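No experiment lies behind these values; they were computed from the predicted model shown. Reminder, nothing fancy here: chain letters follow the sequence lines and each chain counts from 1.
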Amino acid sequence: MKEHIEELLIQALLHLIREGILSAECDIVPQLERTRTPDHGEFASNIAMVLAKRAGKPPQELAQAIIDKLPHSRQLKHAKIAGPGFINFYMNQVALTTVVKDILYYGDSYGHLPADPEHEVTVEFVSANPTGPLHVGHGRGAAYGASLASILQAAGYVVQREYYVNDNGRQMDILAVSVWLRYLELCGEHLRFPENGYRGDYIYNIARVVRKEVGDKWRFKGADILDHLPPDEADGGNRETHIDALIERARKFLGNAGYPVFFETSVNSILTDIQKDLSDFGVKFDHWFSEKELEDSGAIEHAIARLEENGHLYKKDGATWFRASKLGDEKDRVVIRENGRTTYFASDIAYFLNKMERGFEKAVYIFGADHHGYMARLRAAATGLGEDPDRLEILLVQFAVLFRDGQKVAMSTRSGQFITLRELREEVGSDAARFFYVMRSHEQHLDFDLDLAKSRTNENPVYYIQYAHARICSVFRNLEQMDETHNPAIGEAALNLLTEPNEIKLLRALSRYPEIIESCARLRAPHQLAHYLQALATEFHAYYNSEQFLVDDENIRNVRLNLILAARIVLANGLALLGISAPESM
RNA sequence: GCGCCCGUAGCUCAGUAGGAUAGAGCACUAGAUUCCUAAUCUAGGGGUCACAGGUUCGAAUCCUGUCGGGCGCGCCA
């Protein structure tokens, strides 16, 4: 419907240009927006005000000239000037009811565009290190990323969902050592746990698994292990050097036979857990991208060589630096450390280059807000590689703070004092969690009210939307019990009978859906879909309360069933994009 | 100190490629059920869009500054 009006406007403008009333530079794509009140019709355009200066005419006069040249359309009732020079478009009833026909015809794909191979993007999100279970902070990134990926797909993009698995860094070594130490503890050795180690019960769980498989095979005396080790922070030393030394001890004692046992078991066990967790949350990935494989493939050397070729590297203090400060970053960054190992940042650069070489139009990154410092350096890297930095898009997701009984729930990551995503899901349910995470703009801090998310009352927007869907399903069940059937053909022939105010409002809401999808995709804003679904549910509930659907008149009955079936389809489509179920009864 | 995000109704938030009278939910008040699920609906009050300037036909939206809140500034990941 909107496109149709846009087309009429363009025709009118071209007409005026041809007649010489407007100059060629007035050939612009007109802005058309939904009106706030039905008094102003369905759509409004500010084109006359925008062009007034260039045309050398007062906006109102220009508006009238445009209206006079609008091609005839059976959908358009009339257009008229309003306010300072708006053109308001009033639609015929037939234009509004066509949407029902469209929805029943297209079904699941109503409002969605077919996949266009010209627009292939990768969306990378979560990418939490496999050093522990996902917590509620990751949850927001997961919910946002998954919803955004689905919406982009609905908007016609080919989307690759990727999780970058950091399975090769020093943190992995720390994890392996943490497990080994807990394992020794289970064997009966007494060692003090390093400050920098990973705490949390899951470490014990992994240690238990290892011990079950290998028994006391990798047990050594605690005193031997700690002999002449640099002191931990609490003893006046440094936590980093202490843990690094511990890693070396682990390698030495366990050797090539034992160390990988702890390392692999730890990573695999946690990764498997994360995958299960996300899957239960309705978050699916197309590609679990291993950093280890990236490194083994030589991609890091390849990327560093590219930076070298382009003259962006230099040596200082034994390390190799990337001259990021010349490319918009605040300082230069190390890519190869003094000890010869590449940095995490070097892997990031290689991964980005890999994405470009796989031919994606765009690489979308979803980061937690605490990673915003990465934006400048990644962009610098893109430029340094000779790639177009506009193909790199970084979206920041702000923090979520949990509230219970009106109180902030305190959390700190390292100490193991955090609420896991799994616990959240078990407490409030996956549907409510998914909705609450995306109901606010991703760039807004989120207050997550646990009590509200759990409540099965009218305060909870998730149930409000789902209830609308369930109610429609219920109407159709009642129809069956009455030994009647829905005849969509009769309904379609009777579309002109949809004239009640709440029917018109519902039709209007349904016709907005394609525009919402387009807008959500363009602005990377799934929360708009959440708000839309709430508004759509409101229109449906109002309709439900004001009119009877299962009436004797078969024309009215069938056309109303067509309408609410259309509403059910759009509700289900929208909820699916947000990863929320559409229950048939509640 | 420097950088990024934010400041809109009592609370939580929409609205930012500039548009008409700034919206919604919750909370509060008063109503609706011989009828398809009351997890629903109807009506009502409630605002210096943090503050001060600027840009223009028009600013919550763009620019500058001030105040307030969050986060980040490692050869960590």
Side-chain angles (χ1 to χ4, degrees), chain A residues 31 33 35-37 39-40 44-46 49-50 52-53 58-59 82-86 88 128-129 131 166 169-172 174 196 240 316-321 330-331 333-345 347-348 368-376 396 398-399 401 403 406 439-449 452 455-468 470-479 481-482 502 522-523 525 527-528 530-532 534-535 537-538 540-551 557 560-561 564 585-586:
Chain A
Q31 256 186 61
E33 55 185 38
T35 57
R36 263 210 308 264
T37 146
D39 295 346
H40 295 148
S45 176
N46 63 356
M49 289 181 285
V50 174
K53 199 169 273 181
F86 289 103
N88 289 342
N129 287 346
T131 54
N166 194 253
R170 173 168 164 268
Q171 296 302 319
M172 292 301 103
I174 296 177
N196 229 3
E240 305 290 348
K316 195 182 89 180
D317 303 333
T320 302
W321 296 69
E330 49 188 37
K331 55 181 80 163
R333 309 286 174 180
V334 171
V335 287
I336 305 175
R337 284 184 276 226
E338 197 180 357
N339 65 12
R341 290 194 73 170
T342 53
T343 58
Y344 184 88
F345 181 47
S347 300
D348 283 342
D370 54 335
H371 280 60
H372 71 245
Y374 268 72
M375 296 177 69
L396 296 179
Q398 298 294 323
F399 282 3
V401 180
F403 281 81
M439 69 195 271
R440 303 298 177 215
S441 161
H442 67 280
E443 50 196 21
Q444 193 77 232
H445 295 259
L446 175 70
D447 286 350
F448 194 122
D449 187 333
L452 179 59
S455 76
R456 315 220 153 214
T457 67
N458 57 356
E459 298 164 38
N460 193 327
V462 189
Y463 294 112
Y464 182 82
I465 298 166
Q466 290 183 319
Y467 183 45
R471 257 186 160 177
I472 297 170
C473 295
S474 172
V475 171
F476 281 91
R477 281 194 298 270
N478 284 313
L479 181 72
Q481 284 191 350
M482 293 163 62
N502 282 320
R522 181 167 43 85
L523 300 173
H527 72 278
Q528 291 192 347
H531 284 270
Y532 167 78
Q534 227 169 328
T538 296
F540 169 74
H541 285 310
Y543 182 34
Y544 183 96
N545 275 277
S546 68
E547 310 299 333
Q548 187 77 16
F549 309 144
L550 302 179
V551 292
R557 185 177 67 238
R560 288 185 174 170
L561 289 173
I564 65 171
S585 67
M586 289 173 73

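The side chain of Glu443(A) lies closest to C5(B), out of C5(B), A39(B), C36(B). Distance from the side chain of Ala542(A) is smallest for U42(B) among the nucleotides U42(B), G19(B), G7(B). The listed nucleotides are C41(B), A17(B), C13(B); the one nearest the side chain of His541(A) is C41(B).
Arg337(A) contributes no side-chain N or O that, together with a main-chain N or O of Thr343(A), makes up a donor-acceptor pair within less than 3.5 Å. When atom types are taken as modelled, the side chain of His372(A) and the backbone of Ala369(A) share a donor-acceptor pair closer than 3.5 angstrom. A donor-acceptor pair under 3.5 Å is formed between the side chain of Asn460(A) and the backbone N or O of Leu452(A). Counting only distance, with no hydrogens or angles, the side chain of His531(A) and the backbone of Met439(A) share a donor-acceptor pair below 3.5 Å. Within the 3.5 Å criterion, the main-chain N or O of Val551(A) finds a donor-acceptor partner in the side chain of Arg557(A).
Note that CD of Glu33(A) and CG of Asn46(A) are 6.5 Å apart. Values are rounded to the nearest 0.5 Å. The distance from atom NE2 of His442(A) to atom CG of Leu396(A), rounded to the nearest 0.5 Å, is 7.5 Å.
Nucleotide C11(B) holds its P atom 13 Å from the CZ atom of Phe403(A), rounded to whole Å. The separation between Phe86(A) atom CZ and U21(B) atom C1' is 12 Å, rounded to whole Å.
Nucleotides A60(B) and A50(B) are separated by 10 Å at their P atoms, to the nearest Å. Distance check on atom C1': U21(B) versus A27(B) gives 26 Å, rounded to whole Å. Using atom C1' as the reference point in both U56(B) and C62(B), the two lie 11 Å apart (nearest Å). For the C1' atom pair drawn from U16(B) and C2(B), the interatomic distance equals 26 Å after rounding to whole Å. Comparing A14(B) with C6(B), their C1' atoms are spaced 15 Å from each other, to the whole Å. A distance of about 31 Å separates the P atoms of G1(B) and U48(B), rounded to the whole Å. Atom C1' of C71(B) sits at a distance of 24 Å from the matching atom of C11(B), rounded to the whole Å.
If you check every strand for non-hydrogen atoms under 4.0 Å, Asn88(A) touches a base. When heavy atoms are screened at a 4.0 angstrom cut-off, Thr320(A) is found touching no nucleic acid atom at all. No contact: Ala52(A) has no heavy atom under 4.0 Å from any strand. Using a 4.0 Å heavy-atom cutoff across all strands shown, Ala470(A) reaches at least one base atom of the nucleic acid. Gln528(A) comes within 4.0 angstrom of the backbone, heavy atoms only, and of no base. Here Met49(A) lies in heavy-atom contact (under 4.0 Å) with a base. Within the nucleic acid shown, Ala535(A) has no heavy atom closer than 4.0 Å to any nucleic acid atom. Nucleic acid contact for Glu547(A): base, since at least one base atom lies under 4.0 Å from a heavy atom of the residue.
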Expected string for nucleotides 29-34 of chain B under the B/S/- scheme (protein heavy atoms, under 4.0 Å, primed atoms plus P, OP1, OP2 as sugar-phosphate) is ------
Expected string for nucleotides 68-77 of chain B under the B/S/- scheme (protein heavy atoms, under 4.0 Å, primed atoms plus P, OP1, OP2 as sugar-phosphate) is -BSBSSSBSB
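Across the interface with RNA chain B, nearest-nucleotide mapping of Gly83(A) and Gln548(A) shows Gly83(A) to be the residue nearer the 5′ end. Taking the nucleotide of RNA chain B with the nearest heavy atom to each of Val50(A) and His442(A), the more 5' of the two is matched to His442(A).
The aromatic rings of Tyr374(A) and His371(A) are tilted relative to each other, their planes meeting at an angle between 30° and 60°. Taking the six-membered ring where the residue is Trp, Phe540(A) and Phe549(A) present tilted rings, their angle falling between 30° and 60°.
Remark: RNA chain B takes part in the stems B:1-7 with B:67-73, B:10-13 with B:23-26, B:28-32 with B:40-44, B:50-54 with B:62-66, each of 3 or more antiparallel Watson-Crick or G-U pairs, criterion distances under 3.5 Å.
Under the 4.5 Å side-chain criterion, counting only non-hydrogen atoms from C-beta, Val475(A) is in contact with Leu561(A).
In summary, the side chains of Ser455(A) and Tyr463(A) do not present any donor paired with an acceptor at a separation below 3.5 Å, with no hydrogens or angles considered.
Shown here is Arg341(A), whose CZ atom has no more than 12 heavy atoms of other residues, nucleotides or ligands within 6.0 Å.
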Item checked: Worked verdict on Gln398(A) versus Leu446(A) for side chain to side chain contact (heavy atoms under 4.5 Å, CB included) -> CA-CA 7 Å; Gln398(A) 298 294 323; Leu446(A) 175 70; over 6 Å; no
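Stacking between His40(A) and A20(B) is present: the aromatic ring centre lies within less than 5.5 angstrom of the base six-membered ring centre, and the two planes differ by under 30 degrees.
Contact check, Arg471(A) against U40(B): no side-chain N or O comes under 4.0 Å of OP1 or OP2.
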